[in-house]
Every structure is written in structure tokens, then in C-alpha cells.
There are 2 protein chains.
Amino acid sequence: MAVERGSSVAESLSTELIAVVVAVTAGEPRVLTIRNGAALPSGSFESGHRSLQAGLRSWVERQTHQPLGYVEQLYTFADSDRADSGRRVISVSYLGLAREGPVAGADAGWHGWYRYFPWEDHRGGAPDMIGREIAPALARWAGHDPARRSRAAITFGLQDQGWNEEWVLQRYELLYEAGLVPERARRDPVQGAVMLAGEAMALDHRRILATGIARLRAKIKYRPVFFELMPEVFTLGQLQQTVEALAGRGLHTQNFRRLIEAQRLVEDTGQMQTTGGRPARLVRYRGEIQSERAIVGTKLPLARS
Amino acid sequence: MAVERGSSVAESLSTELIAVVVAVTAGEPRVLTIRNGAALPSGSFESGHRSLQAGLRSWVERQTHQPLGYVEQLYTFADSDRADSGRRVISVSYLGLAREGPVAGADAGWHGWYRYFPWEDHRGGAPDMIGREIAPALARWAGHDPARRSRAAITFGLQDQGWNEEWVLQRYELLYEAGLVPERARRDPVQGAVMLAGEAMALDHRRILATGIARLRAKIKYRPVFFELMPEVFTLGQLQQTVEALAGRGLHTQNFRRLIEAQRLVEDTGQMQTTGGRPARLVRYRGEIQSERAIVGTKLPLARS
DNA sequence: CCACTAATGCTCTGAGTGAGCATATTGGAG
DNA sequence: CTCCAATATGCTCACTCAGAGCATTAGTGG
């Protein structure tokens with residue numbers, strides 16, 4: 001229903017829905033997959049679907065039997081790389097959060113996301129593979145080009161700017177450009193490039209996963225969505241572990257609790273849970289705050305009106 | 001190219017591209033329109049387009065002759081409300097920033113965005129119309145329902161939580177639900193509802209505009225995109241006026257300059273410009289910082305690794 | 001010279017964040 | 001039973017930054 005129509009005949013386009021569904025189990029971030037980990041749940045948008053999101057939920061449940069909780073749109077693209085068949089595909093990707101349940105369906109399953117992005121796990125400091133595989137490979141790719149060297153250094157925090165955990169997509173794209181991932185090698189190999197550790201996925205699914213991880217890492221900083229991943233009751237230690245799993249970084253325990261308590265995000269249940277050390281209080285998320293706090297979130301120097 | 005195909009025959013879908021193009025001229029935020037302000041530039045995605053974004057740029061230039069600078073994707077939806085014709089349409093919307101130039105093309109033009117959302121302009125305090133038209137109309141709609149009353153109060157800052165300028169879409173949707181805008185009345189009038197001031201647009205274009213404004217208001221808080229709207233050289237006063245136009249709120253002048261200077265976002269040109277009062281330094285945006293600052297932006301209590 | 005209008009310079013204060021020190025509880029190893 | 005390892009919790013101190021407001025400067029138009 002374009003307001004003004006193009007001259008050409010309306011063309012045959014299909015629309016695909018793709019899901020990045022995340023859970024954190026036993027302190028590991030996991031993603032829901034099909035085809036034994038080689039692809040994300042996906043399917044085409046059909047007229048029977050009431051909305052894009054409804055269509056997505058239906059595909060995920062059909063393919064994996066995993067119910068979805070929170071869902072938000074990620075990005076839409078029309079990758080011409082995919083135009084093998086001449087038929088154009090529009091892909092609408094979504095990020096979903098869930099609690100890991102028993103999956104069913106052909107080759108559906110959950111896989112740790114660091115399996116696809118081993119360089120993204122900095123919970124125990126920068127992973128060895130960055131210095132051992134990535135840095136040298138990028139150095140070969142950059143050669144004497146200062147722009148490339150600088151980009152590699154900044155993106156992977158190779159010098160002293162530090163690691164920015166949100167640049168998941170930029171890092172993947174850099175590795176793609178440098179020819180260090182199989183997805184690139186499949187269609188256009190870069191000579192001399194050695195594939196990195198880190199499992200590939202079909203088509204551009206790994207790129208979409210990177211987009212989802214990046215979005216989630218950014219989002220947890222201004223919105224406590226991680227409660228969607230927690231069970232009904234939990235300890236602050238488990239909560240911290242979940243956030244660390246997503247962020248791929250270790251957090252300062254005392255300050256983390258201060259943050260959670262200052263915002264009154266949780267309430268006590270009165271119960272305790274044994275841990276490896278001192279027993280921990282079991283708490284529960286206070287969903288009410290959503291409406292309570294008129295989250296104003298300023299960063300502009302507003303006048304007092 | 002879904003990994004697993006649905007059972008039904010691939011259906012006929014068309015994809016539409018819609019642009020919210022914003023400029024700020026003489027301290028007023030403006031949006032690029034066609035059809036004499038009744039619609040946003042839009043057209044269908046065609047095989048000749050290299051990418052969605054390329055298609056969008058092409059449509060905007062064809063319809064308005066306005067060149068685009070910064071562009072980012074907003075949202076994608078498949079509104080079943082639009083399925084009048086039985087043919088489903090996927091709409092991909094974009095936000096673009098530009099410097100207002102001479103437009104050409106049928107009924108293309110720039111219009112102040114507060115013409116469509118008069119309740120969003122709080123630069124001189126809350127507009128009268130909120131107390132005079134909106135609050136009473138919402139009160140009638142809410143009746144004795146506490147959930148509705150609370151929602152209205154929070155969304156429009158009717159009590160003391162204050163105004164949150166980012167909730168542009170929520171406010172529009174509330175007015176839509178309450179039957180106070182013509183777009184709703186067109187397809188499903190709410191009896192007894194009196195239309196509010198604020199011009200309507202075709203289809204759901206006003207909703208898309210609201211989405212764009214909301215995105216922009218949120219974005220300027222963590223990324224200085226407003227420089228895209230400024231001329232080559234400008235004064236800090238003009239910059240502030242531009243940001244105020246977007247945010248719809250007045251800013252504390254001294255603190256605003258402190259913010260800009262602390263981040264070293266601008267550099268001096270050595271020139272001055274006369275104003276109504278003391279002459280102002282003319283400055284220029286330091287585009288370099290983009291790469292300089294490894295914008296880390298933490299809000300999580302990271303451990304020192 | 002005076003009134004008016006912006007642009008600039010600075011100061012004070014309180015809230016919030018980064019880092020650590022110290023203590024409390026359990027379970028398990030000598 | 002005592003000591004130690006592993007967590008959970010309490011609190012403090014230093015520093016940065018954002019919110020507010022006071023004061024001054026440099027043009028323009030009577």
C-alpha cells in the first residue's frame with residue numbers, strides 16, 4: 001500500500017522470520033538452534049500469521065517446542081548475497097528470551113553461544129585465542145595499512161583502549177572481511193587466510209546471532225531484561241552469574257548487588273539457599289517496578305522548566 | 001531462503017519502504033513529506049535496489065529531491081489493518097537526518113513536526129492543550145478504571161512523575177486507543193470522542209513518525225547525531241536550539257555547553273558570529289572523535305579484569 | 001551612558017560509581 | 001575440633017558528574 005507506486009510490476013518477494021532465542025543455563029549463555037546447531041529457527045511469513053511476531057513464535061514452537069517469553073525485533077535486511085535463486089528474500093530477525101526447556105523437533109537444541117564466538121568470552125580475562133589466533137591473523141590481513149591496523153586494534157581491544165563487549169557484530173564483520181571465517185570462505189575465499197576457531201552457521205545466521213548478542217549486551221545496561229532468564233526465585237549470586245554470562249565479563253560483586261538493591265528490583269522471599277559457601281537469600285523479581293518507576297533516564301541537561 | 005519452508009505456497013507479499021526524514025531549520029524540527037504533508041516519502045522495494053537502504057534513498061530522492069545523510073532502520077511491521085486488499089504488505093521504516101534543502105516534486109515539502117504532535121512541544125513548558133483538551137478527554141475515556149487513569153497520568157506526566165519526552169509513541173497509541181485521533185476514527189470511531197488538535201496523516205504514517213521522533217529523542221542522549229543536522233560551522237547556541245527542538249524541552253544552557261566541551265565534540269574556527277547579544281564563537285564538529293573515543297559506555301559494575 | 005540580550009566562566013552540592021577492606025556462614029579437609 | 005576455601009554480605013572512601021544558580025562579558029539599539 002505504498003503511497004506512490006514504483007513503475008515496475010510488483011515483484012515476487014518472500015519474507016523470512018528468524019529468531020535468536022537466548023537462555024542462560026548453569027551460568028552459560030545458550031542459543032536455540034535447529035539442524036544440530038547449524039541454523040537458527042526460521043520460516044517464512046505467511047498469510048495465516050496475525051503479525052510478524054506471531055509468525056515468529058509459531059515457527060519457533062513448531063520447530064523446537066520451546067515457548068518464548070520476551071521478544072523484540074532485531075533488524076530487517078534484504079541480503080543480495082542470498083539472491084542465488086534470483087528470488088529476493090527479506091529477512092526479519094527477532095531476539096527472544098526464554099528459560100531453557102526440553103526441546104523437541106528434528107535437530108533442535110540449545111548450544112552455548114561462545115561455541116560460535118569463542119573470542120567473546122572475557123569472563124576469565126581475554127581468551128588466549130585472541131592473542132594466539134586472531135591478533136596474528138588480523139596483523140597479516142592489515143599488513144602496513146594503518147587504517148586496518150587501527151580498526152583491528154580498536155575492535156578487539158588489542159592495545160589499551162580496553163575491550164568493548166558490545167561490539168560483537170563489528171568484530172564478526174571484521175573477521176568476515178579478513179576472510180577468517182568459513183562463511184566468507186564459502187563464497188569468496190581470501191587466499192592465505194586461516195580459519196579461526198569458532199563454529200560457523202548456515203547462510204548469515206551467525207551474523208544475526210552476533211546482532212542479537214550485541215543488542216542484548218547493550219540492553220542489559222539500561223533495562224533489566226535479564227530477569228526474563230531467571231527462575232521464579234534465585235539468589236543474587238545466580239543473577240550476577242547470568243548477567244556475566246551475557247556480558248561476557250566479570251562483574252564487581254558488591255557493586256552489582258548495590259545496583260540491584262538500590263533500584264529495588266528484587267524482594268526477599270524469606271528463604272535461603274545453600275551455596276558453595278555462606279548460604280544466600282532467595283529473592284524474587286519485583287515486576288511491579290516496571291510501572292512504578294517513571295524511568296526518565298536523562299543524559300541531557302534539562303532545564304527545570 | 002528459509003532453512004525450513006512452511007507448507008503453504010509462497011505468497012505474494014510486497015515490501016514498502018517508508019522514510020522519516022528530519023531536519024531542524026530556524027530552531028524548528030521538520031519532517032519531509034509528500035502529498036502536502038499528508039504522507040511520508042515511501043515506495044515499494046524493487047529488484048533494482050541494491051539494498052533496502054539504497055531503495056529508500058532512491059525513493060526519497062525521486063519523490064522529493066532531498067539528499068539524505070545519516071540513515072538508520074527504524075522498525076518493520078506487517079500491519080494486518082492494512083490488509084484491505086487482501087494483499088499483505090511488509091513495511092520497513094527508516095529514520096534519516098538531513099539539512100533542509102530546496103525540495104521539488106509533486107507535493108513534497110517540509111513541515112514542522114509539532115504540527116502533527118502539538119502535545120509534544122514542551123520547550124516553553126507543558127503546552128496548554130494538554131490540560132485543556134487531552135487531560136479531560138483521557139479522563140472521560142478512563143472513567144473509573146484505575147489502570148486507564150494511571151496509564152494516562154504516567155504517559156502524559158499529568159501528575160508529578162514529570163514528562164518523559166521519549167514516550168512519543170506510547171502517547172500517540174494511547175490517544176489512538178482512546179479514539180481521539182482521526183486515524184482511529186476513520187476505521188472504527190469511538191462514540192463520544194472528540195478529535196484532538198494535531199494533524200493526521202495517511203494510513204499509519206503518523207505512528208511511524210512518532211516512532212522516528214521517539215528514536216531520535218532517545219538517541220541524542222547517548223550519541224551526538226544532532227551534528228548531522230547542523231551546517232558546517234555554527235554556534236553553541238544554535239546547537240542547543242537544535243537539540244531543544246528535537247527533545248521538545250528546554251536545556252540548561254551552561255550545563256549543555258559544559259557537556260559538549262567536556263566531550264571535546266567541537267573545535268573553534270576562530271570566527272565569531274553576531275547574535276541578539278554577546279557575539280558567539282563559531283565552532284565546527286570534530287568528526288574525528290568518532291574513532292578517537294573508544295566509546296565504552298558502561299552501566300554495569302565491571303570488575304577490573 | 002543605559003537597558004537588553006545572549007554568550008561565557010565558575011562554584012557548590014549531592015548522587016552515583018569504582019575499588020577495596022572486613023565480616024559472616026557453611027561445608028569439607030586435616 | 002580447627003583451619004581453610006568459597007560465597008554472601010556490610011560498609012567506607014575517593015572521585016566524577018550532573019543539577020542549579022550566581023556573576024561577568026560583549027554586542028546592539030536607544
Side-chain angles (χ1 to χ4, degrees), chain A residues 26-27 123-124 162-163 220-222 224 233-244 247 249-283 293 295-305, chain B residues 26-27 123 162-163 165 220-222 224 233-244 247 249-283 293 295-305:
Chain A
R123 286 175 292 180
W163 173 258
I220 55 179
K221 290 179 183 161
Y222 62 93
V233 297
F234 50 87
T235 69
L236 289 178
Q238 289 165 344
L239 182 64
Q240 178 179 351
Q241 200 183 30
T242 297
V243 176
E244 288 177 333
R249 309 194 62 166
L251 303 183
H252 182 114
T253 305
Q254 302 95 313
N255 290 348
F256 176 75
R257 335 174 104 250
R258 180 174 62 185
L259 193 69
I260 300 296
E261 312 240 282
Q263 297 180 87
R264 305 186 5 96
L265 290 172
V266 299
E267 64 187 4
D268 212 325
T269 63
Q271 307 170 68
M272 302 291 279
Q273 184 171 82
T274 59
T275 68
R278 172 174 170 172
R281 292 159 45 224
L282 275 169
V283 299
R293 278 195 312 159
I295 317 140
V296 190
T298 298
K299 180 69 175 183
L300 290 176
L302 298 179
R304 72 255 126 357
S305 166
Chain B
R123 285 175 293 180
W163 174 257
E165 71 278 1
I220 55 179
K221 290 181 183 160
Y222 62 95
V233 298
F234 50 88
T235 69
L236 290 179
Q238 290 165 343
L239 182 64
Q240 179 180 349
Q241 200 182 28
T242 298
V243 177
E244 288 176 334
R249 310 195 60 167
L251 303 184
H252 181 113
T253 306
Q254 301 96 311
N255 290 347
F256 176 74
R257 333 174 105 251
R258 181 174 61 185
L259 192 69
I260 300 296
E261 312 239 282
Q263 296 180 86
R264 301 182 13 92
L265 289 172
V266 300
E267 66 187 3
D268 214 324
T269 63
Q271 307 170 68
M272 300 292 278
Q273 182 171 82
T274 60
T275 68
R278 173 173 171 174
R281 292 158 48 226
L282 276 168
V283 299
R293 279 195 312 160
I295 317 140
V296 190
T298 298
K299 180 69 174 182
L300 290 177
L302 298 178
R304 68 253 123 1
S305 165

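Chain naming here is simple, since letters A, B, ... match the order of the sequence lines and numbering starts at 1 in each.
For the atom pair R257(A) CZ and L251(A) CG, the distance stands at 12.5 Å (nearest 0.5 Å). Atom-to-atom distance recorded for R278(B):CZ and M272(B):CE is 7.0 Å, nearest 0.5 angstrom.
Rounded to an integer number of Å, the gap from R249(B) CZ to dG19(D) P is 11 Å. Atom CG of L236(B) is separated from atom C1' of dT8(C) by 10 Å (rounded to the nearest Å). Distance CG (L251(B)) to C1' (dA7(C)): 16 Å, rounded to an integer number of Å. The separation between L282(B) atom CG and dA7(C) atom P is 11 Å, rounded to whole Å. For Q273(B) and dT28(D), the CD to P distance is 13 Å, given to the nearest whole Å. Atoms NZ (K221(B)) and C1' (dC17(D)) sit 17 Å apart, rounded to a whole Å. One can place CE of M272(B) at 9 Å from P of dA26(D), the figure rounded to the nearest angstrom. Whole-Å rounding puts the H252(B) NE2 to dG21(D) C1' distance at 7 Å.
With hydrogens and angles disregarded, a donor-acceptor distance shorter than 3.5 Å links the side chain of R249(A) to the backbone of W163(A).
The nearest heavy atom of DNA chain D to T235(A) and to N255(B) marks one nucleotide each, and the one closer to the 5' end goes with T235(A). Closest-nucleotide positions on DNA chain C for G277(A) and Q254(A) were compared, and the one nearer the 5' end corresponds to Q254(A). Along DNA chain C, the nucleotide nearest E261(B) and the nucleotide nearest L259(A) are compared for position; the residue whose nucleotide lies closer to the 5' end is E261(B).
Residue side chain R257(A) does not reach the base of dG10(D) through any donor-acceptor N/O pair under 3.5 Å, judged by distance alone. One can find a donor-acceptor pair under 3.5 Å joining the base of dG18(C) and the side-chain atoms of R258(A). Put simply, the side chain of R278(B) and the base of dT25(D) share a donor and an acceptor less than 3.5 Å apart.
None of T235(B), V233(B), D268(B) except one satisfies the side chain to side chain contact (heavy atoms under 4.5 Å, CB included) rule with R281(B); the exception is D268(B). A side chain to side chain contact (heavy atoms under 4.5 Å, CB included) with L236(A) holds for exactly one of L282(A), I260(A), T253(A); it is I260(A).
Residue-level contact check: T253(B) touches the bases, meaning some heavy atom is under 4.0 Å from a base atom.
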